Amino acid sequence: MKKLLVTAIVSALLMLPTNVLAVTNVSSLSFDKLEDEIDEYNPAVKIYDRQLEIVEETFDIQKDAMEDQISAAQAELAAQIAQYDAQITDYTGFIENYTNLQTASGDPSVDAFCQAQIDLYTGAKNAAVAAKALLQAGADDEADWEDDLDDDLKLAKQTARYSANLGRDTQVYLAQKNYLGYAALSPKLEEAKAQLDLLTKQQDIMKLKLNLGLATQANADEFEVNIENAKIGVATLERTMNDLKGSLNLALGQDYDNDLTLAPLPEPDWEKIHNLDYGQDLRDAKDNSYKLKLLNVDYDSKDNEYDRADTSSEEDKADLERDNLKVQINDMERKIEFAFDQAYKDLLAKEDAYEVASGNYQLNTTNWNFTKIKYDLGMISSLDYSDAENKYEVVQHQYQSAQQDVLEAYTDYQWAVEGLIPSLNS
């Protein structure tokens with residue numbers, strides 16, 4: 001039966017409709033809507049959904065076919081049992097008749113004949129009773145097999161659902177990571193460009209110093225190297241960001257180089273973050289864990305094998321495999337607890353870092369406002385103003401990065417609660 005199921009499923013998967021890979025055209029994207037966009041457009045998610053439908057439909061078809069075969073076999077067995085019942089009734093009647101005749105007769109020859117007939121029909125009756133018992137056992141086995149089939153298909157469907165949901169959630173998680181990675185590099189690119197711009201402005205002063213003999217050619221050459229390194233840094237960041245955006249395009253089922261605009265990241269949901277329930281969230285993380293669910297399905301399957309074992313060796317083998325799975329389940333629960341605690345502590349650490357960055361940002365904002373006043377009053381040069389502006393933007397970006405780190409840590413924490421811990425699902 002299992003071979004038939006596998007063959008049917010593989011055949012069905014080879015006939016996936018081409019429209020599940022239809023090209024989309026998403027031009028703008030926001031982090032809040034990313035999950036919905038992945039659900040709607042991601043080719044892998046579409047295939048997971050379609051595969052799940054095919055698997056469930058295939059199982060239902062196979063179950064109906066098997067149930068029809070079982071019903072037909074049970075009907076045939078019932079007819080044969082009915083025939084043996086009729087024979088047993090007839091043989092019982094014959095035995096009673098010859099017994100009565102033997103009792104009423106006083107003739108030894110008649111007694112001997114009746115006894116021979118009684119023995120003959122008793123043997124035939126016993127054979128019919130034994131044959132009926134075998135057929136009845138077969139009918140009981142058919143009924144048990146139908147129950148076993150239902151249990152096996154139920155577990156197979158659970159595995160298919162968990163695997164499809166795990167695949168879907170992984171696609172969303174990876175897209176979110178790419179989005180967060182792109183957002184993290186955006187301020188770094190601004191800083192790199194600003195630094196390159198500042199170096200370019202300072203290059204004119206370096207040339208003037210060189211002409212006046214206030215700097216050496218070695219100083220000028222070193223400055224040129226710094227500018228080239230700054231250009232390489234800008235180009236590297238741009239290439240990495242394009243790769244991340246390209247990955248998001250592919251995740252949306254569209255061309256790698258599609259023009260895609262990413263909206264700024266939202267602020268973390270501070271109210272939810274400040275009101276986390278560690279104990280309940282940990283229980284939910286265990287209940288929702290895909291890895292734990294799949295292990296429990298395997299355990300239930302081995303439990304069924306143990307109950308159905310026909311020999312002691314089969315029973316011992318199933319029992320050993322069941323014990324091994326129990327060890328794996330207990331180990332996985334401990335790993336989930338550890339990974340969840342890490343995610344929680346990471347979130348707390350990112351909150352603390354954000355508080356420090358926020359205080360530093362507020363202090364530097366005050367200093368920056370004084371710098372602007374000094375510049376307006378002509379107390380500092382434009383080059384000093386640009387340098388101060390670049391330094392302030394770095395602090396501003398550090399503040400934004402700290403806020404993003406909280407958002408990313410909270411996103412990982414939420415996924416852990418939902419049952420997805422990537423390090424445990426590989």
Side-chain angles (χ1 to χ4, degrees), residues 26 29-42 44-45 48-49 52 161-186 244 247-248 251-252 262-296 332-355 357-358 399-426:
V26 178
L29 195 62
S30 67
F31 189 79
D32 288 338
K33 299 295 183 181
L34 181 57
E35 187 168 353
D36 293 336
E37 301 283 12
I38 293 296
D39 279 337
E40 185 170 359
Y41 299 118
N42 184 267
V45 171
Y48 289 137
D49 291 341
L52 182 57
R161 291 191 194 102
Y162 295 153
S163 297
N165 290 336
L166 172 59
R168 178 265 180 196
D169 285 356
T170 300
Q171 290 297 314
V172 176
Y173 172 81
L174 292 175
Q176 288 179 338
K177 283 295 184 181
N178 286 332
Y179 199 118
L180 290 165
Y182 182 93
L185 293 179
S186 184
L244 290 170
S247 296
L248 285 170
L252 295 171
L262 303 185
L265 289 173
E267 280 197 26
D269 192 330
W270 296 111
E271 182 178 356
K272 289 184 178 180
I273 292 174
H274 293 152
N275 290 283
L276 295 177
D277 186 338
Y278 181 93
Q280 182 59 53
D281 288 344
L282 176 57
R283 288 189 289 273
D284 290 341
K286 289 182 179 181
D287 290 341
N288 296 329
S289 169
Y290 290 113
K291 192 66 175 179
L292 207 52
K293 286 179 178 178
L294 290 169
L295 284 172
N296 279 316
M332 182 54 60
E333 288 181 345
R334 288 191 293 270
K335 288 179 178 178
I336 291 171
E337 291 174 359
F338 177 67
F340 181 84
D341 189 64
Q342 283 184 310
Y344 177 74
K345 288 178 178 177
D346 183 58
L347 176 57
L348 294 182
K350 294 297 170 43
E351 283 187 82
D352 292 340
Y354 169 77
E355 294 298 330
S358 179
Y399 166 71
Q400 293 170 346
S401 177
Q403 181 171 275
Q404 177 181 323
D405 287 344
V406 174
L407 176 62
E408 185 167 6
Y410 181 57
T411 300
D412 289 341
Y413 180 87
Q414 284 181 303
W415 277 119
V417 174
E418 292 298 320
L420 178 66
I421 301 177
S423 62
L424 301 181
N425 287 294
S426 57

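Remember, predicted model here, so these are calculated numbers, not experimental data. Computed over heavy atoms, backbone and side chain alike; hydrogens, waters and symmetry mates excluded.
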Validation row: [X], [Y] side chains within 4.5 angstrom (heavy atoms):
X	Y	result
F338	Q342	yes
Y344	L348	yes
Y413	I273	no
P422	T170	no
L180	L265	yes
L276	Y410	yes

Please give me the minimum heavy-atom distance between [X] and [Y], naming the atom from each residue.
X	Y	value
P266	L407	O-CD2, 3.7 Å
A416	A285	O-CB, 3.3 Å
S30	Y179	CA-OH, 3.4 Å
L292	E333	CD2-CG, 3.8 Å
K293	D287	CE-O, 3.2 Å
Y290	Y162	CD2-O, 3.7 Å

To the nearest 0.5 angstrom, please state how far the [atom1] atom of [X] sits from the [atom2] atom of [Y].
X	Y	atom1	atom2	answer
D269	Q414	CG	CD	8.0 Å
E351	D346	CD	CG	10.5 Å
L252	E37	CG	CD	6.5 Å
L347	E408	CG	CD	11.5 Å
M332	K286	CE	NZ	12.5 Å
S289	D284	OG	CG	12.0 Å

task: Take the angle between the ring planes of W415 and Y173 and call it parallel below 30°, perpendicular above 60°, tilted in between.
output: perpendicular
Donor-acceptor contact present, side-chain N178 to main-chain L244, <3.5 Å: no
task: Please say whether more than 12 non-hydrogen atoms of neighbouring residues, nucleotides or ligands are located less than 6.0 Å from NZ in K177.
output: yes
message: Can you see whether Q280 engages R283 through a side-chain donor-acceptor pair at a distance of less than 3.5 angstrom?
response: yes
- request: Check side-chain hydrogen bond (donor to acceptor under 3.5 Å, both in side chains) between D352 and all other residues, then give those that pass, not counting sequence neighbours.
  value: none
- prompt: Can you name the one residue among L248, D169, L174, V172 that meets side chain to side chain contact (heavy atoms under 4.5 Å, CB included) with I38?
  reply: V172
